[in-house]
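Each remark here refers to the structure printed beneath this line.
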Amino acid sequence: MTNKLARPYRLAALKLILLQGVVALVTTIIIFLGWGINAGLSAFAGGTIAVLPHLVFALYAFRYMGASKANQAYASLKRGNGLKFMLTIILFALILKLYPVVLLPFFSAYVLVLFTGLFAPVFFKH
């Protein structure tokens with residue numbers, strides 16, 4: 001059961017993830033048009049590896065909020081962060097093992113999507 005106090009934080013996290021998804025798709029389209037299908041698919045894979053773990057973290061971590069739920073909130077954040085880390089490792093391993101990626105577009109899209117979170121305050125105002 002989720003806490004009502006956590007809802008605004010979860011929505012803010014989901015807005016950031018939506019922005020990251022848009023950045024991933026735009027990056028994919030630009031790389032696809034400039035370098036071709038293999039590079040575009042590699043960029044899409046890199047963007048997906050950046051977005052999916054953040055989505056899992058947001059859904060899992062922001063379930064509880066408030067002083068009465070402090071222990072549950074801390075445990076959720078800790079587990080959500082662990083899941084995000086493990087999912088990132090698993091996705092990197094699967095993509096790099098099973099798919100012949102073009103490394104420059106792959107890592108460029110991944111890093112660009114991650115950097116989107118650093119500039120999120122520019123796009124979101126409270």
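If you read the sequence from its start, that first residue is 1, and numbering goes on from there.
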Do [X] and [Y] belong together in a cluster built from hydrophobic side chains that touch within less than 4.5 Å?
| X | Y | answer |
| --- | --- | --- |
| Leu118 | Val111 | yes |
| Ile37 | Ile95 | yes |
| Tyr110 | Leu104 | no |
| Leu19 | Leu25 | no |
| Leu103 | Leu114 | yes |

Measuring from [X]:[atom1] to [Y]:[atom2], what's the distance to the nearest 0.5 Å?
| X | Y | atom1 | atom2 | value |
| --- | --- | --- | --- | --- |
| Leu94 | Ile89 | CG | CD1 | 12.0 Å |
| Leu14 | Leu59 | CG | CG | 6.0 Å |
| Leu83 | Phe57 | CG | CZ | 10.0 Å |
| Ile90 | Phe85 | CD1 | CZ | 10.5 Å |

Checking Gln20 against Val23 for the side chain to side chain contact (heavy atoms under 4.5 Å, CB included) test, could you report, in this order, the C-alpha distance in whole Å, the side-chain angles of both residues, the deciding distance, and whether it holds? CA-CA 5 Å; Gln20 288 179 324; Val23 169; 5.6 Å; no
Any sub-3.5 Å donor-acceptor pair from Ser42's side-chain atoms to Val102's backbone N or O? yes
For Ala39 and Pro105, work out which heavy atoms get closest and say how close.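 Looking at all heavy atoms of both residues, the closest pair is O-CB, 3.6 Å.
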Which one of Tyr99, Trp35, Phe92 satisfies the ring pair (Phe, Tyr, Trp, His ring centres under 6.0 Å) criterion with Phe106? Phe92
Anything under 3.5 Å between a donor and an acceptor, one on a side chain of residues 45-55, the other on a protein residue two or more places apart or in another chain? List them.
unit_1, atom_1, unit_2, atom_2, d
Thr48, OG1, Phe44, O, 2.7
His54, ND1, Ala50, O, 2.6

Steps toward side chain to side chain contact (heavy atoms under 4.5 Å, CB included) verdict (Thr27, Thr116): CA-CA 12 Å; Thr27 303; Thr116 303; over 6 Å; no
If the test is side chain to side chain contact (heavy atoms under 4.5 Å, CB included), which one of Ile31, Ile29, Ile30 qualifies with Leu33? Ile29
